[in-house]
Engineer: 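Here it is, the structure, as structure tokens.
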Amino acid sequence: MLEVKNVSKTFNTASGPVHALKDITFKVNTGEFVSIVGKSGSGKSTLLSILGALDTPTDGSITVDDTAIEKLSGHQQTKYRGKKIGFVFQQYNLIPNLTALENVVLALEFGGYPATSRVDRAVKLLESVGIEEDQQHRRPTRLSGGQQQRVSIARALANEPAFILADEPTGNLDSATGKKIFDLLHDLSRNQNTTIVVVTHDLDIAGKTDRTFTIVDGKITTK
Amino acid sequence: MNVLTRGVKNTLRSPIRSGAIVLMFAISIALILSMLVARSSVLSKIDEVKATAGTSVTIRPAGVMGNMGGGDPLTAEQLSTIKSTDHISATTMTLSDQLSSDDTSLESSLEFGGFGQRQRESSSSSESSTQAGGAAMQMPTPGITVTGTTDVNSVSTDGSDLNITSGETIDTDSSDNVALIGSTLAEKNSLEVGDTFTAYDQTITIKGIYETDNRFQDSGIIMPLATLQSLTDQADVVSTVVATVDSSDNVSATVNSLKSSLGDDADITSEVQRAEESVSSLEGIASLALAGVIAAAIAGAAIVLLAMIMVVRERRREIGVMKAIGGTDGKVVGQFITEGLTLTVFGAVIGMVLGILVSGPMTTSLVSSQNTINTSQRGGMATRGDSTSNSSTQRPQGGPGGFEGGFQQLQTNATQVTASLTPDIIAIALGVTLVISLIGTAIPAWFTARVRPAEVLRTE
């Protein structure tokens with residue numbers, strides 16, 4: 001379970017402090033598929049960074065399965081990200097000179113997966129998201145946007161994470177491909193009991209998730 | 001695939017850029033190696049030339065060279081000053097004189113010849129002019145050189161022991177009227193060991209006959225110093241002192257000390273000084289080579305450093321993603337260090353091979369170009385010799401002989417530099433390469449470690 005309690009984030013800028021997040025509190029149950037919607041600059045990405053242990057809150061706590069991630073050291077947070085969190089980005093962010101298979105293997109390596117079975121697992125993951133064998137050995141530039149996002153999802157699933165954080169996962173895709181990717185995430189949530197938090201501005205997508213949080217000026221307004 | 005293989009694979013990401021980096025780095029490594037070889041070879045030659053130069057210092061009355069020139073002999077007081085100078089461990093003193101046919105029963109075995117006649121005419125032109133219109137002069141013969149010495153071996157021009165072909169050497173500490181005579185002079189006068197001749201109105205006994213490879217030398221007479229001083233009425237004075245310095249490291253200081261104490265009354269020269277003059281161009285090459293090593297090392301480090309910084313800046317997002325999905329600083333930094341080291345290893349291997357191939361020709365080229373410059377400068381000085389007669393670097397024109405001939409030999413020796421690649425040089429080159437590689441990769445690695453994934457991903 002993911003529990004966010006009284007989380008605030010303040011950035012000190014030259015023009016004074018900016019309160020990006022203000023006393024945010026919510027819970028996401030295991031296997032739940034939730035969405036966070038909000039306008040640009042509302043604090044969505046900051047919240048995602050804090051949930052993903054990429055940044056630390058100024059106040060409050062984030063607990064994942066009894067682990068307070070804001071109290072982990074930088075190195076521990078990195079290891080934690082590798083094993084417990086899967087990221088799916090709007091621009092896919094695959095490593096360009098690695099093949100689809102190697103991108104997934106890389107995540108397995110960072111997560112400490114045994115070297116001898118990394119390739120087998122990566123192949124299975126890619127097949128599970130619909131990447132065929134001939135596509136697995138292609139570099140990202142030789143894959144379509146939808147295929148790249150599928151590889152990105154396979155990479156996010158590599159280490160059986162506690163939850164997946166997806167930042168505008170369909171933002172760069174056409175509506176048909178976007179729907180397929182959304183359906184894939186939905187299936188993961190339902191069939192594999194994977195907790196998924198999606199940040200999106202697409203209200204249609206948000207409406208199909210189990211719950212939707214709306215964030216305005218750093219505050220959660222709807223749960 | 002692990003950190004190492006990813007790092008190596010990344011170097012092929014942009015083959016043209018990687019190739020250019022490797023090539024530039026290889027050239028800088030080749031330059032480093034070549035310059036190290038040149039420097040090492042030149043320094044070895046400098047040491048070799050200095051080692052063969054000996055530790056002797058020659059002190060003559062100012063203006064004297066052999067039996068030419070003028071000036072007053074060195075006095076007892078000056079000799080005392082020389083002997084008491086620090087670092088002088090031994091002295092050999094000589095007094096030279098010319099026996100004219102009026103002073104001896106011997107007939108000179110030398111003839112003036114064309115060269116000597118011109119010199120004689122030049123030196124006696126004023127005398128001849130006073131006799132203009134008079135009777136034709138009788139053609140004299142050259143004088144016989146008599147050398148009084150405390151060490152008969154010092155008479156030998158090449159530094160070797162005097163070769164006495166018959167009889168025995170003389171006791172140079174005595175003041176007996178005894179002498180060694182040159183083989184040519186002995187033959188000319190049909191003299192043998194035990195025979196006598198007259199000189200300075202005294203009867204001199206021949207104790208031995210010597211022979212050198214020098215006809216001028218073989219036409220002379222050697223006596224104990226005290227004997228010649230007595231015969232020529234020049235008690236306690238000498239024309240040349242050869243002082244032996246305790247160490248080659250102290251020669252320059254000793255020369256300076258002697259110049260300070262004897263002032264303008266004496267001309268002081270040393271083989272080490274001559275050697276230093278002859279190797280001065282080599283020292284210039286050594287300095288140039290060192291500057292080349294430093295410049296090439298800086299260039300090499302800059303190439304790797306800037307290339308890797310460019311790579312890190314270009315791939316900030318990739319670094320951020322790797323950190324976001326669990327890549328620790330160690331693994332991410334390790335990958336970039338591997339990438340940098342792969343480039344430098346390729347560059348170093350190519351550079352080493354290139355350096356080995358070009359170090360010989362480059363050393364030869366450096367030495368010959370420097371010598372060309374020196375020869376050109378020396379030629380220029382000779383041309384303007386009259387107007388710069390007080391130049392310390394000016395050389396008298398005419399054929400070299402004795403000390404000057406030795407100097408030319410030193411110079412010739414100094415230009416014969418052979419480039420040699422030793423394990424030490426390779427070790428130094430590898431060390432420099434390693435330092436460059438570490439500098440070139442450590443700083444970009446530091447930039448890599450500072451990349452915060454949240455900042456990179458926030459820019460989406």
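The sequence lines fix the lettering, A, B, ..., with proteins before strands; numbering per chain opens at 1.
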Engineer: Are there more than 12 heavy atoms of other residues, nucleotides or ligands under 6.0 Å from atom CD of B:E314?
Structural biologist: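 Buried by this count: over 12 neighbours within 6.0 Å.
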Engineer: Above 12 or not: heavy atoms from other molecules or residues under 6.0 Å from CZ of B:R13?
Structural biologist: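 It does: B:R13 CZ has more than 12 such atoms within range.
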Engineer: How many angstroms lie between OG1 in B:T328 and NE2 in A:H75, if you round to the nearest 0.5 Å?
Structural biologist: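 Going from OG1 on B:T328 over to NE2 on A:H75, the span is 6.0 Å.
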Engineer: Verify the neighbour count for atom CZ of B:R313: are there more than 12 heavy atoms of other residues, nucleotides or ligands below 6.0 Å?
Structural biologist: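 Atom CZ in B:R313 is not packed in, count stays at 12 or less.
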Engineer: With no hydrogens and no angle check, is any side-chain donor or acceptor of A:R81 less than 3.5 Å from a backbone partner on B:K323?
Structural biologist: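 Pair found, side chain donor or acceptor close to backbone of B:K323.
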Engineer: Could you tell me which non-hydrogen atom of B:A324 sits nearest to which non-hydrogen atom of A:F89, and how far apart they are?
Structural biologist: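 Smallest heavy-atom distance, with atoms named: CB-CZ, 4.3 Å.
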Engineer: Count the heavy atoms of every other residue, nucleotide or ligand shown that sit under 6.0 Å from CG of A:D217, and state whether that count exceeds 12.
Structural biologist: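 No, the 6.0 Å shell around CG holds no more than 12 heavy atoms from other groups.
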Engineer: Hey, what do you get for CG (A:L98) to CD (B:E318), rounding to the nearest 0.5 Å?
Structural biologist: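 Those atoms lie 7.5 Å apart.
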Engineer: Out of curiosity, A:T78 OG1 to B:D329 CG, how far, rounded to the nearest 0.5 Å?
Structural biologist: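 One finds 6.5 Å between OG1 of A:T78 and CG of B:D329.
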Engineer: Does a sphere of radius 6.0 Å around CG in A:D66 hold more than 12 heavy atoms from other residues, nucleotides or ligands, not counting ones at 6.0 Å or beyond?
Structural biologist: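 Result for CG/A:D66: open.
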Engineer: Is it the case that atom NZ in A:K83 sees more than 12 heavy atoms from other parts of the structure closer than 6.0 Å?
Structural biologist: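 It does not: A:K83 NZ has 12 such atoms or fewer within range.
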Engineer: Which pair of non-hydrogen atoms, one from A:F110 and one from B:R6, has the smallest distance, and what is that distance?
Structural biologist: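 It is CE2-NH2, 3.9 Å.
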Engineer: May I ask you to test the A:P96-B:R315 pair for a side-chain heavy-atom distance under 4.5 Å?
Structural biologist: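 A side-chain contact is absent here, since even the closest heavy-atom pair is not under 4.5 Å.
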Engineer: Using heavy-atom distances under 4.5 Å, tell me whether B:N10 contacts chain A through its side chain, its backbone, both, or neither.
Structural biologist: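 Both backbone and side chain.
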Engineer: With rounding to the nearest 0.5 Å, note down the distance linking NZ in B:K9 to CD in A:E102.
Structural biologist: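 Those atoms lie 3.0 Å apart.
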Engineer: Quick check for you: among A:N159, A:N97, A:I50, which has the greatest number of heavy-atom pairs under 4.5 Å with chain B?
Structural biologist: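 Answer, by heavy-atom pair count under 4.5 Å with chain B: A:N97.
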Engineer: To the nearest 0.5 Å, how far apart are CD1 in B:I319 and CD1 in A:I95?
Structural biologist: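 Answer for the CD1-CD1 pair, B:I319 versus A:I95, is 9.5 Å.
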Engineer: Less than 4.0 Å between a side-chain N and a carboxylate O, is that true for A:E109 and B:K331?
Structural biologist: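 A salt bridge links B:K331 with A:E109.
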